**Q** 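Take this structure, written in structure tokens, and hold onto it; I'll ask about it next.
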Amino acid sequence: MQPIRRTECGVALFDLLAGRPEDVAPRLLGATVRHVTDEGPVSLVLTETEAYGGEADPASHAWRGRRPRNLSMYMPAGHAYIYQTRHHLALNVVTGPQDEASAVLLRAGRVTEGESLARASRGPQIAAQRLARGPANLARSLSLTLDLDGLDLMGEGPLTLTLGDQVARIDVGPRVGVTRAQDVQWRFSVPGDSTVSAYRRASLR
DNA sequence: CTATAGATTACCT
DNA sequence: GGTAATCTATAGA
């Protein structure tokens with residue numbers, strides 16, 4: 001019965017991820033991301049997510065269409081889109097139908113496994129709730145690299161996503177740091193959770 | 001081609 | 001609060 005249960009669970013997760021990013025993002029709060037590195041596994045429970053709506057969304061990396069960097073956004077739901085901005089990486093879960101290029105940015109989480117490994121990447125003095133606060137810190141806690149871009153998060157690879165219990169209450173607000181579509185309320189977080197990053201509106205220059 | 005900006009963070013004052 | 005770290009992509013000459 002074990003393989004059947006796993007299959008049903010996988011189908012349910014894919015069906016969820018195939019929905020609209022603004023519907024998927026709040027449902028991913030409480031889900032677990034796990035990366036099995038050479039040093040061992042690191043897991044975290046998501047506390048903050050943001051939705052990006054593909055080519056129709058002026059804040060999305062896919063707004064100007066297919067580019068070498070954003071190709072994995074056009075893959076089927078459940079694949080990883082990992083990109084580099086300035087000096088850091090960020091992890092997205094692709095959502096919606098194939099070729100729509102919508103995704104959910106994973107902005108923060110609470111480390112639940114492999115905290116010593118996360119600390120090895122982030123620094124020995126970092127408070128536990130700050131290890132994976134902010135998308136770049138989340139990526140560093142998980143020891144992500146660009147070669148994980150495009151991986152199937154529902155497969156047998158080293159980087160996986162599994163659903164958890166749905167959280168009871170969810171905060172909704174505008175996305176952090178975007179210069180276009182600043183008032184779209186597509187940022188979701190667990191109310192009062194100390195691992196959630198602070199909201200900062202992008203300057204308009 | 002050069003200039004500029006970005007879904008950021010850490011460290012300095 | 002200001003700035004430096006460092007890669008991709010766009011706009012404009």
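By convention in this document, chain letters (A, B, ...) are assigned in the order of the sequence lines, proteins followed by strands, and residues within each chain are numbered from 1. Both backbone and side-chain heavy atoms feed into the values below; hydrogens, waters and symmetry mates do not. All figures in this text were calculated on a predicted structure; none of them were measured in a lab.
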**Q** Restricting to non-hydrogen atoms, name the atom on A/Met154 and the atom on A/Leu13 that form the minimum distance, rounded to 0.1 Å.
**A** CG-CD2, 3.6 Å
**Q** If you measure from the P atom in C/dA13 to the same atom in B/dA5, how many Å do you get, rounded?
**A** 15 Å
**Q** Checking A/Arg67 now: which residues fulfil side chain to side chain donor-acceptor pair (under 3.5 Å) with it, not counting sequence neighbours?
**A** none
**Q** So what does A/Gln84 touch, heavy atoms closer than 4.0 Å: a base, only the sugar-phosphate, or nothing?
**A** sugar-phosphate
**Q** Strictly by modelled atom types, are A/Ser43 and A/Thr32 linked by a side-chain donor-acceptor pair under 3.5 Å?
**A** no
**Q** Checking side-chain contact (heavy atoms from CB on, under 4.5 Å) against A/Pro191, which of A/Asp171, A/Thr47, A/Val167, A/Val196 comes through?
**A** A/Asp171
**Q** Walk me through it: do A/Arg34 and A/Val36 pass the test side chain to side chain contact (heavy atoms under 4.5 Å, CB included)?
**A** CA-CA 7 Å; A/Arg34 187 167 193 252; A/Val36 181; 3.8 Å; yes
**Q** Mind checking which stems touch DNA chain B? I mean at least 3 consecutive Watson-Crick or G-U pairs, both distances under 3.5 Å.
**A** B:1-6 with C:7-12, B:8-12 with C:1-5
**Q** Could you go step by step and tell me if A/Thr37 and A/Ser143 meet the side chain to side chain donor-acceptor pair (under 3.5 Å) rule?
**A** CA-CA 8 Å; A/Thr37 71; A/Ser143 297; 5.6 Å; no
**Q** On a whole-Å scale, what distance lies between the C1' atoms belonging to B/dA7 and C/dG1?
**A** 23 Å
**Q** What's the CD-C1' distance between A/Gln182 and B/dG6, to the nearest Å?
**A** 13 Å
**Q** So which heavy atom on A/Ala132 is nearest to which on A/Val111, and how close?
**A** CB-CG2, 4.4 Å
**Q** Can you sort out which residues in residues 67-80 of chain A have a heavy atom within less than 4.0 Å of DNA chain B? Ascending by number, please.
**A** A/Met73
**Q** If you compare all heavy atoms of A/Val94 against all heavy atoms of A/Met75, which two are closest, and at what distance to 0.1 Å?
**A** CG1-O, 3.2 Å
**Q** Using 4.0 Å as the upper bound for N to carboxylate O, is an ion pair formed by A/Arg169 and A/Asp193?
**A** no
**Q** Should the pair A/Arg187 and A/Tyr199 be classed as cation-pi, given the thresholds of under 6.0 Å to the six-membered ring centre and 45° from the axis?
**A** no
**Q** Assess the residue pair A/Leu105 and A/Tyr52 against the criterion (side chain to side chain contact (heavy atoms under 4.5 Å, CB included)); give the C-alpha distance rounded to whole Å, side-chain angles, the decisive distance to 0.1 Å, and a yes or no.
**A** CA-CA 7 Å; A/Leu105 171 68; A/Tyr52 286 86; 3.9 Å; yes
**Q** Given A/Asp57, which of A/Arg180, A/Glu22, A/Arg175 fulfils the side-chain contact (heavy atoms from CB on, under 4.5 Å) condition?
**A** A/Arg175
**Q** Heavy-atom contacts under 4.0 Å between residues 91-105 of chain A and DNA chain B, which residues?
**A** A/Asn92, A/Leu105
**Q** Just the endpoints, please: which first and last nucleotides of DNA chain C, 5' to 3', lie under 4.0 Å from a heavy atom of chain A?
**A** C/dA5 to C/dA11
**Q** Between A/Ser189 and A/Glu48, do the side chains contain a donor N or O and an acceptor N or O under 3.5 Å apart?
**A** no
**Q** Output one letter per nucleotide in nucleotides 8-13 of chain B: B when a protein non-hydrogen atom lies under 4.0 Å from the base, S when only the sugar-phosphate is that close, - when neither is.
**A** BSS---
**Q** Taking all heavy atoms of A/Ala101 and all of A/Ser60, pick out the closest pair and write down the distance.
**A** O-OG, 4.4 Å
**Q** What is the distance from atom NE2 of A/His61 to atom CZ of A/Arg69, rounded to the nearest 0.5 Å?
**A** 4.5 Å
**Q** Do A/Val104 and A/Val178 share a hydrophobic cluster, counting only Ile, Leu, Val, Met, Phe, Trp and Tyr and linking them when any side-chain heavy atoms are less than 4.5 Å apart?
**A** no
**Q** Mind checking the P distance from C/dA5 to B/dT13? Whole angstroms is fine.
**A** 15 Å
**Q** In whole angstrom, give me the gap between the P atoms of B/dC1 and C/dT6.
**A** 24 Å
